[in-house]
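Here's the structure we're looking at; comments come further down.
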Amino acid sequence: MIIAHQDPNPKVNGAGIRRLAAAGIPVEIGPYGVEAIALNEIYCRYICAGRPFVTLKAAITLDGKIAAANGDSRWVSGPPALRYVHWLRHVYDAILVGVNTVLADDPSLTCRLPNDRPYRQPLRVILDSRLRTLPSCRVASGDLPGETLIAATELAPAAARIRLAKPGVKVEIFPADDAGDVDVVALLRHLHAREIGSVLVEGGGRVHASFLRRRMADKLALALAPKIIGGSGAISWVGGELAQVMREARAVRNLRPRTLGQDLLVEGYLEDIGECLLA
Ligand SMILES: NC(=O)c1ccc[n+]([C@@H]2O[C@H](COP(=O)([O-])OP(=O)(O)OC[C@H]3O[C@@H](n4cnc5c(N)ncnc54)[C@H](OP(=O)(O)O)[C@@H]3O)[C@@H](O)[C@H]2O)c1
């Protein structure tokens, strides 16, 4: 019997293999193990780390910008890349953005694919420490399919909590991190307890920086558009300080590029999903 990798779930881990071995059937583990773990990356991270699998996704220009200095980001990438984003939203259990993105773009954060199938809608998560989300924003309207979770801190005024909460829109209070923002580690723990296995972080730059700083991002999916915005005021896909010198720069492994229309989709890994299985 040949097995690509063991099931990391402690409820079953190794039990089947032991039964096969006890019955005299030799078991070989490992050929194509890395490839198989990549196919099961969401499940492996969810089971091994006690948190959802996290992918940072952004549509960026060749100079690494997600929006012009005035916040305009419609549209960085072309239709094939946009369709790919909606497919990702279909795959992931939750989509997460920062409140600046909600205020700048008023996104719906729903999965919209071009046919009539009733697609499962991901949970929408908004990082919004002080509850600046306006009740008129689409994600707070209560009119969208699925649920919106607005993650705030104790800094949020009670009146805003009451104003925003309604059927389909929930406000939850989380601890603050050192910067006074929503602590993404506590948030991911909460989502794991809700059996959310995967989170697609769709920006903006400050939110991506938070996940990178706390080492809570497993994978990148960057759609590189053949455009250049330029200027120090345009918004980068990673805001804030991460590395002071080159040797502190975060490494990305197993980069895989492929074309999506005129754009280049670049995917890669930040954390090693297989370490818990292959150790
Ligand atoms: N091209 C793309 O793919 C793309 C995707 C998304 C957004 N965008 C563009 O990006 C721009 C917004 O990006 P941005 O960097 O200014 O803001 P952002 O990342 O969307 O939101 C940041 C805000 O979220 C709140 N927040 C709460 N907890 C946080 C945490 N743990 N980490 C980070 N932020 C937290 C903070 O506001 P409080 O302190 O008030 O809580 C913070 O200022 C918009 O112009 C949008 O159009 C482009």
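Every heavy atom of this structure was used, including side-chain atoms; hydrogens, water molecules and symmetry mates were not. When a ligand or atom number is given, it counts from 1 through the structure's own listing order.
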ask   = Are I235 and N100 side-chain neighbours, meaning at least one heavy-atom pair lies under 4.5 Å?
value = no
Distance filter under 4.0 Å to A58 heavy atoms, resulting ligand 1 atoms = 3 (O)
request  = Decide whether an N or O pair under 3.5 Å exists between G203 and ligand 1.
outcome  = no
note = Residue, atom and distance of the protein heavy atom nearest atom 29 (C) of ligand 1 read D181 CB, 3.4 Å
ask   = For atom 3 (O) of ligand 1, what is the nearest protein heavy atom, given as residue, atom name and distance?
value = A59 N, 2.9 Å
query = How far is atom 46 (C) of ligand 1 from its nearest protein heavy atom, and which residue and atom is that?
reply = D105 OD2, 3.5 Å
ask   = Does an N or O from K57, backbone or side chain, lie closer than 3.5 Å to an N or O of ligand 1?
value = no
key: S73-ligand 1 polar pair, N/O distance under 3.5 Å   = yes
key: Heavy-atom nearest neighbour of atom 44 (C) of ligand 1 within options A179, A209, A104   = A104
query = CZ/R161 to CD/E172 distance, rounded to the nearest 0.5 angstrom?
reply = 11.0 Å
key: Nearest protein heavy atom with distance in Å, relative to atom 8 (N) of ligand 1   = I66 CD1, 3.8 Å
query = Any idea which protein heavy atom is nearest atom 43 (O) of ligand 1, and the distance to it?
reply = R206 NH1, 2.7 Å
message = Is it the case that ligand 1 has an N or O less than 3.5 angstrom from some N or O of I235?
response = no
request  = Could you see which bit of R132 sits under 4.0 Å from ligand 1, with heavy atoms only: side chain, backbone, both or neither?
outcome  = side chain
request  = Treating Ile, Leu, Val, Met, Phe, Trp and Tyr as nodes and any side-chain heavy-atom pair under 4.5 angstrom as an edge, say whether I162 and I173 lie in one connected cluster.
outcome  = no
key: S129 N/O under 3.5 Å from ligand 1 N/O   = yes
query = Any N or O on G71 sitting closer than 3.5 Å to an N or O of ligand 1?
reply = yes
key: Nearest option to atom 13 (O) of ligand 1, as decided by whichever heavy atom of G204, A176, A81 sits closest   = G204
ask   = Looking only at atom types and distance, does a side-chain atom of H208 sit under 3.5 Å from a main-chain N or O of K57, one as donor and one as acceptor?
value = yes
task = Enumerate the atoms of ligand 1 whose separation from the nearest heavy atom of V184 is less than 4.0 angstrom.
result = 31 (N)
ask   = Measuring from R189:CZ to F174:CZ, what's the distance to the nearest 0.5 Å?
value = 10.5 Å
ask   = Is there a path of hydrophobic side-chain contacts, each under 4.5 Å between heavy atoms of I, L, V, M, F, W or Y residues, that connects V182 with M216?
value = yes
query = Please state which protein non-hydrogen atom is closest to atom 7 (C) of ligand 1 and give its distance, to 0.1 Å?
reply = T101 OG1, 3.1 Å
inquiry  = Looking at T110, is its backbone amide N or carbonyl O close enough to the side chain of S108 to form a donor-acceptor pair, meaning the two atoms are under 3.5 Å apart?
reply    = no
remark   = In this structure, atom 6 (C) of ligand 1 is nearest to the protein heavy atom E202 O, 3.0 Å
request  = Start with the C-alpha gap between R120 and E147, add the side-chain angles, then the distance that decides, and say whether salt bridge (charged side-chain N to carboxylate O under 4.0 Å, His left out) holds.
outcome  = CA-CA 11 Å; R120 182 182 69 120; E147 185 191 336; over 6 Å; no
inquiry  = For K170, I'd like to know if atom NZ has over 12 heavy atoms of other residues, nucleotides or ligands within 6.0 Å.
reply    = no
query = Which of these passes side-chain contact (heavy atoms from CB on, under 4.5 Å) with L109: V97, L96, L144?
reply = V97
key: Interfacing atoms of ligand 1 (cut-off 4.0 Å, heavy-atom, V99)   = 21 (O), 23 (C), 24 (O), 25 (C), 37 (O)
request  = Ignoring angles and geometry beyond distance, decide whether S210 reaches within less than 3.5 Å of ligand 1 through its nitrogen or oxygen atoms.
outcome  = yes
request  = List the closest protein heavy-atom neighbour of atom 39 (O) of ligand 1: residue, atom name, distance to the nearest 0.1 Å.
outcome  = R130 NH2, 3.1 Å
query = In terms of ring plane angle, is the pair Y46 and H192 parallel, tilted or perpendicular, where the classes change at 30° and 60°?
reply = tilted
ask   = Do R45 and Y269 meet the cation-pi criteria used here (NZ or CZ under 6.0 Å from the six-membered ring centre, within 45° of the axis)?
value = no
remark   = In this structure, CD1 of I196 is separated from CG of L191 (nearest 0.5 Å) by 6.0 Å
